[in-house]
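Please read the structure below before turning to the comments.
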Amino acid sequence: MAPYEQLLERLADQGWAVADDLMDARLCEQLRSECRQAWAQGLFRQAGIGRGAQAATHTGIRGDAICWLEPEQAHGATARFLEFAEALRGELNRNFFLGLNNAEFHFARYPAGQGYKTHVDQHRGQPHRKISFVLYLNSEWAADDEGELCLYPAQDGGAAARILPLPGRVALFRSDTIPHEVRPCKRTRWSLTGWFRSDPRPYP
Ligand SMILES: O=C(O)CCC(=O)C(=O)O
Ligand SMILES: [Fe+2]
């Protein structure tokens with residue numbers, strides 16, 4: 001599977017990778033419209049920090065609203081995306097032996113002015129999120145719209161990468177070792193975010 005090769009090599013070498021040509025442009029277009037429909041139907045909820053009883057919303061830390069994809073009810077582009085994600089999970093397993101049994105995904109919407117402060121995706125005591133995935137569903141994005149994903153894998157705290165959420169762009173990074181941040185955006189920022197996991201369903 002040639003399109004994955006370079007991506008997975010970079011992921012192995014530096015813990016993160018970006019691709020602009022991984023996703024079919026038409027599929028992105030359709031996902032973009034399904035995401036907007038879910039928003040219009042009121043299916044998004046303000047995202048929280050932490051899990052279970054400790055979960056709380058802190059827009060100062062994280063300002064997005066999210067809508068989880070339900071694999072059992074998925075149809076249209078969402079179902080096709082989940083097939084793509086299954087193929088990617090297979091490639092990740094073949095390359096990294098991470099024992100990725102599952103994946104979870106949500107649409108995310110950051111209104112202008114919001115971002116997500118520096119964090120690591122693997123929750124403390126919950127080691128099952130292994131690889132983070134983000135697909136940007138903006139129809140256009142300019143550098144001065146900001147809202148970059150900044151990755152901080154280096155010890156010195158400097159950003160190794162500032163990734164603009166360009167239409168159809170994919171970012172992949174390790175969920176356990178890569179601190180990252182979403183810089184406040186200047187216009188509404190849409191994405192499909194998820195995690196390849198090492199535990200079988202059902203999980204909390
Ligand atoms: O949207 C992005 O660029 C990253 C989002 C993120 O870090 C998260 O949802 O955990
Ligand atoms: Fe994150």
Side-chain angles (χ1 to χ4, degrees), residues 7 10-11 14-20 22-23 28 31-32 35-36 38-39 43-51 54-69 81 85 88 102-143 145-153 157 159-198 203:
L7 186 73
R10 293 219 185 99
L11 182 60
Q14 58 188 15
W16 61 272
V18 177
D20 287 327
L22 190 68
M23 300 292 299
C28 287
L31 280 170
R32 190 179 299 151
C35 172
R36 305 296 194 280
W39 170 259
L43 299 177
F44 281 59
R45 296 286 172 269
Q46 190 62 42
I49 310 286
R51 293 176 77 89
Q54 276 88 49
T57 57
H58 295 280
T59 47
I61 297 175
R62 169 175 196 183
D64 58 331
I66 62 174
C67 171
W68 287 98
L69 306 193
F81 168 77
L88 180 53
N102 228 305
E104 55 183 349
F105 296 95
H106 62 57
F107 291 128
R109 178 187 182 273
Y110 291 78
Q114 295 293 334
Y116 192 160
K117 296 246 160 72
T118 304
H119 65 282
V120 173
D121 284 346
Q122 201 175 80
H123 297 291
R124 196 169 303 150
Q126 308 250 357
H128 303 300
R129 286 180 169 179
K130 299 291 188 196
I131 302 286
S132 305
F133 170 98
V134 194
L135 164 66
Y136 297 107
L137 297 179
N138 303 301
S139 49
E140 51 186 322
W141 203 267
D145 294 327
E146 301 181 3
E148 301 98 327
L149 169 65
C150 294
L151 304 173
Y152 301 102
R162 296 176 75 92
I163 300 162
L164 280 173
L166 299 185
R169 174 169 275 181
V170 167
L172 273 178
F173 53 91
R174 285 182 56 159
S175 308
D176 54 345
T177 56
I178 307 282
H180 57 281
E181 168 185 22
V182 177
R183 300 288 305 150
C185 50
K186 296 214 164 146
R187 60 190 290 174
T188 308
R189 180 187 189 274
W190 300 91
S191 58
L192 198 174
T193 304
W195 297 273
F196 293 96
R197 302 177 58 110
S198 61
Y203 41 78

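Remember, it's 1-based here, ligands and their atoms both numbered in the order they're listed.
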Would you say [X]'s side chain and [Y]'s backbone share a donor-acceptor pair under 3.5 angstrom?
| X | Y | answer |
| --- | --- | --- |
| S175 | S132 | yes |
| R62 | G48 | yes |
| Q14 | W16 | yes |
| S191 | Y136 | no |
| Q46 | D64 | yes |
| H119 | K117 | yes |
| E148 | R183 | no |
| R169 | L164 | yes |

N/O of [X] under 3.5 Å from N/O of ligand 1, yes or no?
| X | value |
| --- | --- |
| H119 | yes |
| D64 | no |
| H180 | yes |
| Y110 | no |

### Query
Hey, is E146 close enough to K186 for a salt bridge, meaning N to O under 4.0 Å?
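So E146 pairs with K186 through a salt bridge.
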### Query
In the protein, which heavy atom is nearest to atom 3 (O) of ligand 1, and how far is it?
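Checked against all protein heavy atoms, atom 3 (O) of ligand 1 sits closest to Y136 OH, 2.6 Å.
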### Message
Using side-chain heavy atoms (C-beta onward) and a distance below 4.5 Å, is N138 in contact with R187?
### Response
no
### Query
side chain to side chain contact (heavy atoms under 4.5 Å, CB included) with H128: which residues, sequence neighbours excluded?
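By the side chain to side chain contact (heavy atoms under 4.5 Å, CB included) rule, H128 matches R197, S198, D199.
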### Residue-ligand contact W190/ligand 1, heavy atom below 4.0 Å
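Under 4.0 Å: no for W190.
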### Message
Please confirm whether E181 approaches ligand 1 to less than 4.0 Å, judged on its heavy atoms.
### Response
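Per 4.0 Å heavy-atom rule, E181 does not contact ligand 1.
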### Message
Could you enumerate the protein N, O or S atoms under 2.8 Å from the Fe ion (ligand 2), written like residue then atom name?
### Response
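Listed by chain and number, the nearby protein N, O or S atoms are H119 NE2, D121 OD1, H180 NE2.
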Any atoms of ligand 1 less than 4.0 Å from a non-hydrogen atom of [X]? List them with their elements.
| X | value |
| --- | --- |
| V182 | 1 (O), 2 (C), 3 (O), 4 (C), 5 (C) |
| W195 | 10 (O) |
| Y116 | 8 (C), 9 (O), 10 (O) |
| T193 | 9 (O) |
| L149 | 3 (O), 4 (C) |

### Query
Which word best sums up how the rings of W195 and W68 line up, parallel for under 30°, tilted for 30 to 60°, or perpendicular for over 60°?
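W195 and W68: tilted rings.
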#### Entry: Selected option - heavy-atom contact closest to atom 2 (C) of ligand 1, from K117, E148, R189
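Going through K117, E148, R189 one by one, R189 has the nearest heavy atom to atom 2 (C) of ligand 1.
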### Task
Of the side chain and backbone of D121, name the one, both, or neither that has a heavy atom under 4.0 Å from an atom of ligand 1.
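Side chain only; the backbone of D121 stays clear of ligand 1.
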### Message
Quick check for you: to the nearest 0.5 Å, what is the distance between T118 atom OG1 and L151 atom CG?
### Response
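Rounded to the nearest 0.5 Å, the OG1-CG separation comes to 10.5 Å.
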